[in-house]
Participant: 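Quick one: structure below, then a few questions.
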Amino acid sequence: MAAGTFDIQEELRNLPSAPGVYLHHNAEGEIIYIGKAKNLKNRVSQYFQTGRDRSVKIRMMVSHIAYFEYIMTPTENDALLLENRLIKKYMPRYNTLLKDGKTYPYIKLTTGDAYPRLMKVRNVYKDRHKYYGPYPHEAAVNEIIDLLNAVYHLKSCSMKLPEDAGKKRACLNYHINRCDAPCENRISQEDYAEKIVQVRKYLDGNSSDLILYLRKEMEEASSRMEYERAGEWKELLFSAKRIRDELSKRKDWKIIEQNEERIRTDEVQTRGAVRELSDMLGIPYAARMESFDISNTSGAESVGSMVVYVDGRPKKSDYRKFKIKTVEGPDDYASMAEVLRRRLTHTGDGSFDVLPDLLMIDGGKGQVNAVLEVIDELIEEGRKNLAGLHVCGMVKDDRHRTRGIMFRDEEYIMPRTSESFKLVTRIQDETHRFAIEFHRKLHSKGQLHSVLDDIEGIGPKRRTALIRRFRSLDNIKAATLQELCDVPEMNTKAAQNIIDYFSL
């Protein structure tokens with residue numbers, strides 16, 4: 001999304017007063033800062049308020065913000081978790097410059113060891129071990145580790161096993177029933193591995209097995225009248241339920257992963273695809289792309305369509321439809337030339353006042369050259385701002401499927417699996433769909449009529465009189481004001497409306 005197409009003040013007004021994460025982008029689409037907010041509307045708005053006392057680094061960061069995105073989350077804790085994951089994923093430059101040194105804890109299960117243990121850590125590495133998190137609070141990590149160690153009697157020391165087994169006597173944890181003493185070979189590696197399977201289930205979000213196990217042990221201890229032991233199991237059961245309930249209050253961590261994946265996929269399929277296409281053509285990043293197509297049915301009234309993609313996303317508010325005014329019959333080249341001339345000379349329409357970074361024409365070399373001729377004519381007429389406007393054709397194969405891009409008299413064949421090819425295909429299909437939809441709508445309403453019917457003051461009676469007098473639409477277009485007024489059914493105002501209509 002280019003800076004010129006993103007109204008920051010308007011977008012600020014539309015922000016929700018909800019928790020979430022915001023992502024600031026520069027003009028090139030790069031994520032430069034990621035933050036969390038209890039209230040997105042209040043927090044993001046603060047960046048753009050004048051008169052605020054800010055550090056030099058923050059002022060510098062704000063000066064580079066071209067647009068922002070946001071993701072709402074159920075709670076502030078979810079925002080915290082998502083922020084942390086996205087920062088680690090994208091490493092925005094200003095998060096590095098402005099960081100406060102705070103990181104969020106993870107649980108590390110040392111699955112690379114023969115006898116894994118649980119640890120609280122703040123950094124994640126690509127190693128043989130398994131990491132869970134991040135968690136919103138350090139207390140939650142401590143509680144989970146304490147619970148699992150107590151239930152499954154996991155090793156908590158740093159002794160290297162089985163190499164160092166038997167070198168030391170079992171520690172206090174063994175004597176208070178908190179460890180099965182693999183250091184003295186009191187539990188086999190196979191039996192210990194079965195415990196780790198249950199630990200991983202719990203950390204993956206399945207707490208039901210643990211709770212059922214604790215309830216069963218409590219009831220069996222009680223039936224044996226081992227009430228003290230039953231009380232210990234009861235405390236563990238209570239702790240397991242409390243931790244579980246504290247985590248059901250928040251959305252599952254998978255939601256965070258899904259949001260992250262959605263952002264990554266969206267980035268690849270939109271801005272990433274635009275960058276890929278722009279690089280292939282050797283042009284600057286084509287933030288705004290406008291695509292045009294012509295539709296006609298057996299020579300009946302032709303129509304043109306214009307669809308707009310900004311940063312690889314359709315911007316339907318800028319779509320436009322054209323009824324062909326100056327071309328008679330199914331002449332796609334001339335019709336395309338008319339549409340582009342009207343689009344590039346029209347003023348007073350906010351969307352038309354912004355020139356595209358890339359014009360995309362449905363067709364090959366012939367259609368592209370027709371458009372280039374129009375642009376050259378307009379430049380000669382004084383529209384110097386059109387110089388350097390990039391135009392490409394979207395070429396189809398014999399089966400009417402997207403094949404490649406025609407640009408500067410060269411056809412670029414894109415791999416069908418590339419994101420740029422998929423984007424061009426989407427744009428071409430959308431442009432064609434929009435044109436066909438307009439054509440069918442006109443046909444269904446019985447509106448495939450003479451172009452004259454679209455001129456103010458020309459009804460069925462005057463239309464018939466004009467056709468009877470001049471015999472063809474071309475002769476009507478070429479007629480002078482006086483010749484039109486000589487038709488008995490006409491008056492000066494209606495005649496002038498005809499002149500004005502065909503002079504556009």
Side-chain angles (χ1 to χ4, degrees), residues 105-121 129-133 135-250 252-253:
Y106 289 77
I107 292 178
K108 175 180 178 180
L109 180 62
T110 62
T111 48
D113 297 341
Y115 292 88
R117 60 177 174 144
L118 292 170
M119 303 170 62
K120 178 177 65 181
V121 297
H129 307 306
K130 180 74 174 173
Y131 295 84
Y132 299 86
Y135 290 83
H137 302 295
E138 192 168 332
V141 172
N142 293 335
E143 284 187 321
I144 292 171
I145 291 176
D146 287 346
L147 172 65
L148 294 175
N149 280 339
V151 174
Y152 295 111
H153 304 170
L154 301 182
K155 167 182 175 288
S156 59
C157 68
S158 59
M159 182 178 288
K160 191 174 182 181
L161 298 176
E163 294 92 328
D164 294 338
K167 292 183 179 179
K168 292 183 180 179
R169 298 184 64 182
C171 67
L172 178 62
N173 282 342
Y174 168 70
H175 297 288
I176 61 173
N177 202 32
R178 291 292 299 262
C179 178
D180 286 333
C183 59
E184 289 189 350
N185 294 317
R186 294 181 181 272
I187 181 172
S188 69
Q189 191 170 335
E190 291 74 18
D191 289 343
Y192 195 94
E194 290 181 8
K195 293 174 179 283
I196 296 302
V197 169
Q198 297 303 316
V199 168
R200 294 187 66 164
K201 269 189 181 180
Y202 181 83
L203 292 175
D204 284 331
N206 182 1
S207 60
S208 58
D209 285 358
L210 175 62
I211 289 174
L212 288 173
Y213 170 75
L214 293 174
R215 181 178 291 115
K216 177 175 174 290
E217 292 294 328
M218 179 187 70
E219 292 172 351
E220 289 183 356
S222 180
S223 67
R224 295 191 301 267
M225 294 186 290
E226 296 175 357
Y227 300 119
E228 183 176 349
R229 184 60 177 152
E232 292 173 358
W233 287 117
K234 184 177 180 180
E235 287 296 321
L236 291 173
L237 177 61
F238 175 79
S239 179
K241 287 182 175 180
R242 183 170 52 76
I243 293 172
R244 178 200 63 188
D245 293 342
E246 170 121 1
L247 301 176
S248 299
K249 292 179 183 178
R250 294 185 289 111
D252 190 86
W253 296 315

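These values consider heavy atoms only, across backbone and side chains, with no hydrogens, waters or symmetry-generated copies.
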Participant: Considering residues at least two apart in sequence or located in another chain, which fulfil the side chain to side chain contact (heavy atoms under 4.5 Å, CB included) criterion with Ala139?
Facilitator: none

Participant: Please confirm whether Lys130 makes a cation-pi placement over Tyr132, using NZ or CZ under 6.0 Å from the six-membered ring centre and within 45° of the ring normal.
Facilitator: yes

Participant: Are more than 12 heavy atoms from other residues, nucleotides or ligands located less than 6.0 Å from atom CD of Glu163?
Facilitator: yes

Participant: Who pairs with Lys195 by salt bridge (Lys or Arg N to Asp or Glu O under 4.0 Å), at least two apart in sequence or on another chain?
Facilitator: Asp180

Participant: Could you tell me if Asn149 and Ser156 have a donor-acceptor pair between their side chains, going purely by distance under 3.5 Å?
Facilitator: no

Participant: Going by side chain to side chain contact (heavy atoms under 4.5 Å, CB included), name the residues that satisfy it together with Ile211, two or more places apart in sequence or in a different chain.
Facilitator: Ser207, Arg215, Leu237, Ala240, Lys241, Arg244

Participant: Once side chain to side chain donor-acceptor pair (under 3.5 Å) is applied, do any residues pair with Glu217, and if so which ones, sequence neighbours excluded?
Facilitator: none

Participant: Mind checking what makes side chain to side chain contact (heavy atoms under 4.5 Å, CB included) contact with Asn177, not counting sequence neighbours?
Facilitator: His153, Arg229

Participant: Checking Arg224 now: which residues fulfil salt bridge (Lys or Arg N to Asp or Glu O under 4.0 Å) with it, not counting sequence neighbours?
Facilitator: Glu226

Participant: What pairs with Gln198 under side chain to side chain donor-acceptor pair (under 3.5 Å), at least two apart in sequence or on another chain?
Facilitator: none

Participant: Is Ser222 reaching over with its side chain to a backbone N or O of Ala230, donor-acceptor style, under 3.5 angstrom?
Facilitator: no

Participant: How long is the span from the CZ atom in Arg242 to the CD atom in Glu143, to the nearest 0.5 Å?
Facilitator: 4.0 Å

Participant: Would you say the side chains of Asp113 and Thr111 form a donor-acceptor pair under 3.5 Å?
Facilitator: no

Participant: Are side-chain heavy atoms of Leu147 and Leu210 found at a separation under 4.5 Å?
Facilitator: yes

Participant: With sequence neighbours excluded, what pairs up with Lys120 under the salt bridge (Lys or Arg N to Asp or Glu O under 4.0 Å) test?
Facilitator: Glu138

Participant: Which heavy atom of Ser158 sits nearest a heavy atom of Arg117, and at what distance?
Facilitator: CB-NH2, 3.7 Å

Participant: Give the intermediate values and the outcome of side-chain contact (heavy atoms from CB on, under 4.5 Å) for residues Tyr213 and Trp233.
Facilitator: CA-CA 10 Å; Tyr213 170 75; Trp233 287 117; 4.0 Å; yes

Participant: The criterion is side chain to side chain donor-acceptor pair (under 3.5 Å); which residues satisfy it with Tyr152, sequence neighbours excluded?
Facilitator: none

Participant: Give a yes or no on whether the backbone of Glu220 and the side-chain of Ser223 come within a donor-acceptor separation of less than 3.5 Å.
Facilitator: yes

Participant: Any side-chain donor paired with an acceptor under 3.5 Å for Arg169 and Tyr174?
Facilitator: no

Participant: Do Leu154 and Ile145 touch side chain to side chain, with heavy atoms closer than 4.5 Å?
Facilitator: no

Participant: Who passes ring-ring contact (aromatic ring centres under 6.0 Å, His included) against Tyr192, sequence neighbours left out?
Facilitator: Tyr115

Participant: Do Ile144 and Tyr202 come close enough that some side-chain heavy atom pair is under 4.5 Å?
Facilitator: yes

Participant: Just jot down the side chain to side chain contact (heavy atoms under 4.5 Å, CB included) partners of Cys157, sequence neighbours excluded, or say none.
Facilitator: Lys155, Met159

Participant: Could you walk me through whether Leu118 and Lys108 pass the side-chain contact (heavy atoms from CB on, under 4.5 Å) check?
Facilitator: CA-CA 6 Å; Leu118 292 170; Lys108 175 180 178 180; over 6 Å; no

Participant: Is any side-chain heavy atom of Leu148 closer than 4.5 Å to one of Ile107?
Facilitator: no

Participant: After noting the C-alpha distance and the side-chain angles of Lys167 and Cys183, does the key distance pass the side-chain contact (heavy atoms from CB on, under 4.5 Å) rule?
Facilitator: CA-CA 8 Å; Lys167 292 183 179 179; Cys183 59; over 6 Å; no

Participant: Using salt bridge (Lys or Arg N to Asp or Glu O under 4.0 Å) as the criterion, list what pairs up with Asp191, not counting sequence neighbours.
Facilitator: none

